[in-house]
**Q** 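I'd like to ask you about the structure that follows.
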Amino acid sequence: MEAGLISDAPTVTGKSLFDHFRDADETPGQEVIVTADAPIKERGGFGICYGNIAPEGCVVKLAGHGKLRFEGPAKVYDGEEAAFDAVTHGLIEPGDVVVIRGEGPVGGPGMREMLGVTAAIQGRGLGDSVALITDGRFSGATYGFMVGHISPEAARGGPIALLETGDSIVIDVNSRVVETTADLSSRAANDWLVSPESTGHLPNMQRSLAPLHMAQ
């Protein structure tokens, strides 16, 4: 607040956020709250990147490792299960960028955690030598250079749907970039687009109940 790095906002108490901050005192000896000009770390536990893979942004998990840049060829998989199978069968090699698409809020549906795949990558001893990008999300226990929440997701026509195995991918947190050198604009439209009417709990229930109605 004092450094002018955040904005004031109302709270449920009726006071603003800054009103509460002004009266806040740290317990002596804890040394938990530091000033903006003397941070515990230069940056937080995640970074936000943009680029021709994620025009609307994505989240890079930085906690637990010191990497800020990764470049390598893509290994593209449609869904978590396909990626998990590839990892467990030794198809992922050091230097690869694993791409998992179709796991966003619409495409999943529900935006599943990719904890199984990331755990398998770690189990194969590849946690420090591969990166992973997905339109899904991660668990807090996930380790490694992981990029989630790629937006737009594949099911909403995001360019992640146009990536192909072998495409070169660069993730650069300092430059806030996640991109490929491949010419995605030259590739044919994909079949990933999903209409709002075809996803979610209600359409799934309608499809599952349809045989019962027909039987009656």
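Computed over heavy atoms, backbone and side chain alike; hydrogens, waters and symmetry mates excluded.
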**Q** Atom CZ of Arg101 and atom OH of Tyr77: how far apart are they, to the nearest 0.5 Å?
**A**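 Those atoms lie 11.5 Å apart.
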**Q** Could you tell me whether Asp167 and Arg187 have a side-chain N and a carboxylate O separated by less than 4.0 Å?
**A**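 Between Arg187 and Asp167 there is a salt bridge, with a charged N closer than 4.0 Å to a carboxylate O.
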**Q** Check whether more than 12 heavy atoms from other residues, nucleotides or ligands sit under 6.0 Å from atom NZ of Lys67, and answer yes or no.
**A**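 Enclosed.
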**Q** For Val98 and Ala83, work out which heavy atoms get closest and say how close.
**A**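 Distance-wise, the nearest heavy atoms are CG1-CB, 4.5 Å.
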**Q** I need the Cys58 SG to Phe46 CZ distance, nearest 0.5 Å.
**A** 12.0 Å
**Q** Can you sort out the partners of Arg176 under salt bridge (Lys or Arg N to Asp or Glu O under 4.0 Å), two or more places apart, ordered by chain and number?
**A**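 With sequence neighbours excluded, Arg176 shows a salt bridge (Lys or Arg N to Asp or Glu O under 4.0 Å) to no residue whatsoever.
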**Q** Checking Leu68 against Phe70 for the side chain to side chain contact (heavy atoms under 4.5 Å, CB included) test, could you report, in this order, the C-alpha distance in whole Å, the side-chain angles of both residues, the deciding distance, and whether it holds?
**A** CA-CA 7 Å; Leu68 296 175; Phe70 196 100; over 6 Å; no
**Q** Would you compute the distance between atom CD of Glu153 and atom OG1 of Thr134 and round it to the nearest 0.5 angstrom?
**A** 9.5 Å
**Q** Using 0.5 Å steps for rounding, measure from the OG atom of Ser186 to the CG atom of Leu162.
**A**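 Reported to 0.5 Å precision, the distance equals 9.0 Å.
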**Q** Taking Val147 as the starting point, is it possible to reach Leu62 by hopping between hydrophobic residues whose side chains are less than 4.5 Å apart?
**A** yes
**Q** Against Val117, only a single residue in Thr88, Ile92, Ile100 fulfils side chain to side chain contact (heavy atoms under 4.5 Å, CB included); can you say which?
**A** Ile100
**Q** What's the verdict on side chain to side chain contact (heavy atoms under 4.5 Å, CB included) for Thr180 and Leu163, showing C-alpha distance, side-chain angles and the deciding distance?
**A** CA-CA 8 Å; Thr180 178; Leu163 288 175; 3.9 Å; yes
**Q** Taking all atoms of both residues into account, what is the closest heavy-atom pair of Asp183 and Ser185, and its distance?
**A**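 In this case the closest contact between Asp183 and Ser185 is OD1-OG, 2.6 Å.
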**Q** Hey, any chance Met111 and Val99 share a hydrophobic cluster, counting ILVMFWY side chains that come within less than 4.5 Å of each other, even indirectly?
**A**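 Result: no, two separate clusters.
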**Q** If Ile, Leu, Val, Met, Phe, Trp and Tyr residues are connected whenever their side-chain heavy atoms lie under 4.5 Å apart, and connections chain through other members, are Ile48 and Val60 in the same group?
**A** no
**Q** Under 4.5 Å between any side-chain heavy atoms of Thr11 and Phe18, yes or no?
**A** no
**Q** Under a 3.5 Å distance rule, please check whether Lys61 uses its side chain to pair with a backbone N or O of Thr142 as donor and acceptor.
**A**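 Flag set: sc Lys61 to bb Thr142 pair under 3.5 Å.
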**Q** For the residue pair Pro152 and Ile160, what are the closest heavy atoms and their distance?
**A** O-CG2, 4.3 Å
**Q** Looking at every non-hydrogen atom in both residues, tell me the closest pair between Leu5 and Ala36 and how far apart they are.
**A** CD1-CB, 3.9 Å
**Q** Would you please name every residue forming a salt bridge (Lys or Arg N to Asp or Glu O under 4.0 Å) with Glu71, sequence neighbours left out?
**A** Arg69
**Q** With side chains defined as the heavy atoms from C-beta onward, is the minimum distance between Pro73 and Ser168 less than 4.5 Å?
**A** no
**Q** Ignoring hydrogens, what is the shortest heavy-atom contact between Cys49 and Val173? Give both atom names and the distance.
**A** SG-CA, 4.0 Å
**Q** Working to the nearest 0.5 Å, report the span between CZ of Phe145 and OG1 of Thr118.
**A** 15.0 Å
**Q** Return yes if a side-chain donor-acceptor contact under 3.5 Å exists between Ser16 and Asp8, otherwise no.
**A** yes
**Q** Taking everything shown except Gln30 itself, do over 12 heavy atoms lie less than 6.0 Å from its CD?
**A**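 Above 12, so yes.
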**Q** Side chain to side chain contact (heavy atoms under 4.5 Å, CB included) for Val97 and Ile133? Distances and angles first, verdict last.
**A** CA-CA 7 Å; Val97 178; Ile133 70 173; 4.2 Å; yes
**Q** Would you say Phe84 ends up clustered with Leu91 if hydrophobic residues are merged whenever their side chains have heavy atoms under 4.5 Å apart, either directly or through other cluster members?
**A**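 Same hydrophobic cluster.
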**Q** With no hydrogens and no angle check, is any side-chain donor or acceptor of Asp135 less than 3.5 Å from a backbone partner on Ala154?
**A**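 Between the backbone of Ala154 and the side chain of Asp135 there is a qualifying donor-acceptor contact (under 3.5 Å).
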**Q** Could you tell me the separation between the CG atom of Asn52 and the CG atom of Leu184, rounded to the nearest 0.5 Å?
**A**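 One gets 5.5 Å once the value is rounded to the nearest 0.5 Å.
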**Q** Taking Ser175 for its side chain and Val177 for its backbone only, find out whether a donor-acceptor pair lies under 3.5 Å.
**A**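 Flag not set: sc Ser175 to bb Val177 has no pair under 3.5 Å.
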**Q** Let me see the working for Val178 and Val170 under side chain to side chain contact (heavy atoms under 4.5 Å, CB included), right down to the final yes or no.
**A** CA-CA 6 Å; Val178 55; Val170 174; over 6 Å; no
**Q** What are the two closest non-hydrogen atoms of Pro159 and Pro55, and how far apart are they?
**A**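 Result for this residue pair: CG-CD, 3.6 Å.
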**Q** Do Asp96 and Lys75 meet the salt-bridge criterion of a basic N to acidic O distance under 4.0 Å?
**A** yes
**Q** State which residues pass salt bridge (Lys or Arg N to Asp or Glu O under 4.0 Å) with Glu113; sequence neighbours excluded, sorted by chain then number.
**A** Arg137
